[in-house]
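Each remark here refers to the structure printed beneath this line.
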Amino acid sequence: MIKNKYRFIVVEGPIGVGKTTLATKLANTFNSTLMLESYSNNPFLKKFYKDMDRYAFTTQLYFLLQRASEFKSKSNNDDKSNNIISDYFFNKDNLFAETILNVDEYSLYNKIYKYLNISISNPDLVIYLQADSSTLINRIINRGIDFEQNITEDYLKKIIDSYTKYFYSYNESPILIINTSSVDVNNANDYNMLVEEISKDIKGKNYFNPSSLRKG
């Protein structure tokens with residue numbers, strides 16, 4: 001078993017980028033508690049992908065309340081000696097809200113968010129997965145989840161832009177950025193090099209590129 005030096009690791013990125021796959025592999029490798037987003041439980045999500053303007057607010061509000069409850073429960077009940085690896089970042093909730101809600105809805109969302117008085121610790125490491133919109137569309141089609149087939153490339157581009165903007169200025173945790181178009185975590189060599197990289201004392205913003213490591 002490899003020791004995980006980070007108490008709380010978050011794997012984040014747009015839909016279809018491979019968050020759950022990587023978080024699950026890392027949790028197994030480091031014998032850590034795995035925390036997965038229960039997005040399929042959201043009763044508004046299928047409707048949202050068919051009619052985003054109509055169902056954006058209810059979809060986002062459900063996610064906010066669900067994520068707040070999950071993180072509060074985890075912080076209250078988790079064994080402090082165990083590490084956590086999550087396939088979602090709580091801060092993504094506001095990122096999505098700002099992207100998909102209109103001005104009035106976003107204002108109301110912020111009032112509800114402040115009223116909830118949510119206090120969550122920053123991750124010790126964020127692993128930010130990237131891919132272009134055409135790659136994500138192909139992955140979404142190939143994995144064949146019915147309601148996801150309504151997702152458009154234009155929507156994905158908005159989400160990708162929001163992630164790029166957010167993490168460009170994010171400095172509250174060390175970040176390891178991985179372009180999944182050139183890194184395959186299901187490839188043993190790529191994954192082993194990634195585990196080795198995570199085992200280092202990562203500071204600031206870093207890019208993981210196995211091809212450059214092989215050349216070195």
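If you read the sequence from its start, that first residue is 1, and numbering goes on from there. Computation of the quantities below employed the complete heavy-atom set of this structure, encompassing side-chain atoms and omitting hydrogens, waters and symmetry-equivalent molecules.
- In terms of heavy-atom proximity, Lys205 sits nearest to Ile177 at CG-CD1, 3.7 Å.
- To the nearest 0.5 Å, atoms CG (Leu45) and OH (Tyr62) are separated by 10.5 Å.
- Closest non-hydrogen pair, Leu26 versus Val11, comes out as CD1-CG2, 4.4 Å.
- Taking CD1 of Ile15 as the reference point, atom CD1 of Ile145 lies at 7.0 Å (rounded to 0.5 Å).
- In this structure, Asn83 CG and Leu34 CG are separated by 12.5 Å, a value rounded to the nearest 0.5 Å.
- Met52 CE to Asn150 CG: the interatomic distance, rounded to the nearest 0.5 Å, is 8.5 Å.
- Applying the side chain to side chain donor-acceptor pair (under 3.5 Å) test to pairs two or more places apart or on separate chains, those with a residue in residues 14-24 are Thr20-Asp87.
- Salt bridge Glu98/Lys165: absent, no basic N to carboxylate O contact under 4.0 Å.
- Evaluation of the ring pair (Phe, Tyr, Trp, His ring centres under 6.0 Å) test over residues 103-131, restricted to residues two or more places apart or in two chains, returns Tyr128-Phe167.
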### Query
Where do Glu12 and Tyr163 land on the side-chain hydrogen bond (donor to acceptor under 3.5 Å, both in side chains) test, with the steps shown first?
CA-CA 9 Å; Glu12 190 50 271; Tyr163 271 109; 2.8 Å; yes
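- Asn91 and Tyr166 share a side-chain donor-acceptor pair at under 3.5 Å.
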Can you list, pair by pair, the side-chain donor-acceptor contacts under 3.5 Å of residues 151-160, counting residues two or more places apart and other chains?
residue : atom : partner : partner atom : Å
Thr152  : OG1  : Tyr155  : N            : 3.1
Glu153  : OE2  : Ser133  : OG           : 2.8
Glu153  : OE2  : Ser134  : N            : 3.4

### Task
Given side chain to side chain contact (heavy atoms under 4.5 Å, CB included), test Phe63 with Tyr88 step by step and report yes or no.
CA-CA 12 Å; Phe63 274 135; Tyr88 69 101; over 6 Å; no
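- Of all the heavy atoms in Arg67 and Asp93, the pair that sits closest is NH1-OD1, 2.5 Å.
- Without hydrogens or angle criteria, Thr180 side chain to Gln130 main chain gives a donor-acceptor distance under 3.5 Å.
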